[in-house]
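Here the structure is laid out as structure tokens; the discussion comes afterwards.
Quantities reported herein were computed from a predicted structural model and do not represent experimental measurements. Per chain, numbering begins at 1; letters A, B, ... match sequence-line order. Just the heavy atoms: all of them, side chains too, but no hydrogens, waters or symmetry mates, feed the values below.
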2 protein chains.
Amino acid sequence: MSAEHVTTLRRFNRYFTRRIGVLDDHYLGQDRPLGEARLLFEIGTGASLKELRTRLGLDAGYLSRMVRALEGQGLVRVSVHPTDSRLRLAELTEAGRAELAEQNRRADGLAKGLLDGLSEEQRGRLTEAVTVAERLLRLAGVGIRAVDTRSADARACLAGFAAELDERFPEGYATADLVPPEQIAVLLVAYEEERAVGCGALCALDARTAEIRHLWVHPDARGLGLGRRLLTALERAAAGRGHHVVRLDTHEVLKEAAAMYRTSGYVEIPAYDANAHASYWFEKVLVR
Amino acid sequence: MSAEHVTTLRRFNRYFTRRIGVLDDHYLGQDRPLGEARLLFEIGTGASLKELRTRLGLDAGYLSRMVRALEGQGLVRVSVHPTDSRLRLAELTEAGRAELAEQNRRADGLAKGLLDGLSEEQRGRLTEAVTVAERLLRLAGVGIRAVDTRSADARACLAGFAAELDERFPEGYATADLVPPEQIAVLLVAYEEERAVGCGALCALDARTAEIRHLWVHPDARGLGLGRRLLTALERAAAGRGHHVVRLDTHEVLKEAAAMYRTSGYVEIPAYDANAHASYWFEKVLVR
DNA sequence: GCAACCCTTTGACTAAAGTCAAAGAAATAT
DNA sequence: ATATTTCTTTGACTTTAGTCAAAGGGTTGC
């Protein structure tokens, strides 16, 4: 990697944090300590203490006391979780929401102030540059790992996949339509900061041929180029297991998927199975 | 201004600070408190306590003690300012420089780690996006103000202008070649975070015609589009004072300047004076 | 039914970060 | 030359941020 990229990123980081640090909760939380302001923001529409602890990376005792302090100021209400009474739920009171709204107004005002030295055209370019940078940084932070088919993350992804197809396919899609776990040779899950945001399964059709199934990216993580990364990783896994060819099928409503397969070197072939949800079948030769 | 720009900038800020906050001194200063790590960085090649205080926005007592602590650890050496013995100068010792270098190595390592999930092409796009964003943010932070011709900032800019021309013109350029201050009707100075980074002067040739002179941007602030902004501001000032036409001249070695004038609506005209440093003369009609 | 584990609270700390005011030494203004 | 201002140091604080361990209810697995 060229040193230039590293230097540029570091220079930008220095400049940005110094310059835009102004947008930070610090200046927004008025007379409130930074920790409390952040906590208020993170509680937002309500969250369990457990969630808050991991999101903010705080010590349990420390968090407990801070929540108590906000409660004392009438900004937060704490209740017991309805089904698991070990958990506590924090939510903002009317006053808490008002303070959060004020915090947002200030942040908006500051951001506006930063932008109003620019022409509308320049603002557009800034917005675009920043969007591209964010997308690439997010992508850089995603890791793909093979996981156990029965792990919670695997099940969550497959459930998300099934739920989405059920909504998008005119004929619907049932959980029973998923490949049985024992037929999955490799299940890859994409993690964005420890959160599972996509998956893809590899099944062996025969020694020569593998099938890619259930390739899915969480809606929050679309547009990053993750689908293609999962696809490439699955192909590598197939090659590593000695397969020479990968196949896959797709439903006609999934236009973007078909387009991605084509641009990734897949060619359409006749139906190789009787999948009721498939409209197109594709194949890619990995090893000749 | 559309709310979208504000939202995008705020979202990016949130994401970036959370994600890249890792690059922050916090993680770099090893077991060192954040304040000390930042101070070490800020001292860099040496600075007065006064400077450090304003740069870091610290309380005088607090800073004094921190510097003392770093001195105690053998990382910093403090001496009395040669000409003003109220001031103290801090500079890094050999050990201090070594620690700063280590800090830099770590930051580089972290930045590399962030980038290595990306392909070389994606890294290139990230670098570019970040460069554009930085340039625009810097530009947004620049303010143009009319200042007194004899103010320190004005003199510093004009001196910078003269020094640069002296270097670039084959025939040289002397401070005496500058317009006498009393002939300057308006002197605009561009400030980037309170630092003067460019200037431009407006002189009245007659009631109808004004002349723009000494348009200059500090090398550190080039590439932001500041020259054009100063030019536009000068034209507005000329129009505001009732002039209908602005003229200016330029030397043949200043290719970029001539190009900018042309793309800003200036057309070449015959020499209107006998300026020894001019090769081209331009004019722009503001009011017909 | 009980052991093992989870989540939260409480007590008892420590370290870092920051504030304020007084005072001393040096420079500058009058 | 004297008063005023500037810069730094020192003492005496406070607040914020965070850690660690013990303990007490709840839940889950066997």
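Proximity of B:Arg65 to the phosphate of D:dT10: no side-chain N or O atom is located under 4.0 Å from OP1 or OP2. Regarding contacts with the backbone of D:dT8, a side-chain N or O of B:Arg53 is found under 4.0 angstrom from either OP1 or OP2. At C:dT9, one or more side-chain N or O atoms of A:Arg68 fall inside 4.0 Å of OP1 or OP2 (strictly under the cut-off).
In this structure, the OH atom of B:Tyr62 is 11 Å from the C1' atom of C:dA15, given to the nearest Å. One interatomic measurement links the two molecules: CG of A:Asp31 to C1' of D:dT14, which rounds to 15 Å at whole-angstrom precision. Rounded to whole Å, atom C1' of C:dA17 lies 11 Å from atom CZ of B:Arg38. Taking atom CG on B:Leu52 and atom P on C:dG18, their separation rounds to 15 Å, with Å as the unit. Taking atom CZ of A:Arg32 as the reference point, atom P of D:dT15 lies 15 Å away to the nearest angstrom. Distance, B:Glu51 CD to D:dT8 P: 10 Å, rounded to whole Å. In this structure, the NZ atom of A:Lys50 is 8 Å from the P atom of C:dT8, given to the nearest Å. To the nearest angstrom, P of D:dC7 lies 16 Å from CZ of B:Arg55.
Checking C:dG18, D:dT9, D:dG18 against every side-chain atom of B:Leu49, the shortest atom distance belongs to D:dT9. Candidate nucleotides D:dT9, D:dG25, C:dA17 were compared by shortest atom distance to the side chain of A:Arg86, and D:dG25 ranks first.
Remark on DNA chain C: of its neighbouring residues A:Ala60 and B:Gly35, the 5'-side contact belongs to A:Ala60, judged by nearest-heavy-atom nucleotide. The nearest heavy atom of DNA chain D to A:Thr83 and to B:Arg88 marks one nucleotide each, and the one closer to the 5' end goes with B:Arg88. Between A:Ser85 and A:Glu36, the residue anchored nearer the 5' end of DNA chain D, judged by the nucleotide with its closest heavy atom, is A:Glu36. Checking A:Asp84 against A:Asp59, the closest nucleotide of DNA chain C that is more toward the 5' end is the one next to A:Asp84.
Residue-environment remark: CD (B:Glu182) exceeds the threshold of 12 foreign heavy atoms within 6.0 Å.
Looking at heavy atoms from C-beta onward, A:Gln73 lies in side-chain contact with A:Arg32 at the 4.5 angstrom threshold. Using a 4.5 Å heavy-atom threshold, the side chains of A:Leu137 and B:Arg19 count as touching. A:Trp216 places none of its side-chain heavy atoms less than 4.5 Å from the side chain of A:Leu230.
Judged by distance alone, with hydrogens and angles left aside, the side-chain atoms of B:Arg77 form no donor-acceptor pair with the main-chain N or O of B:Gly74 at under 3.5 Å.
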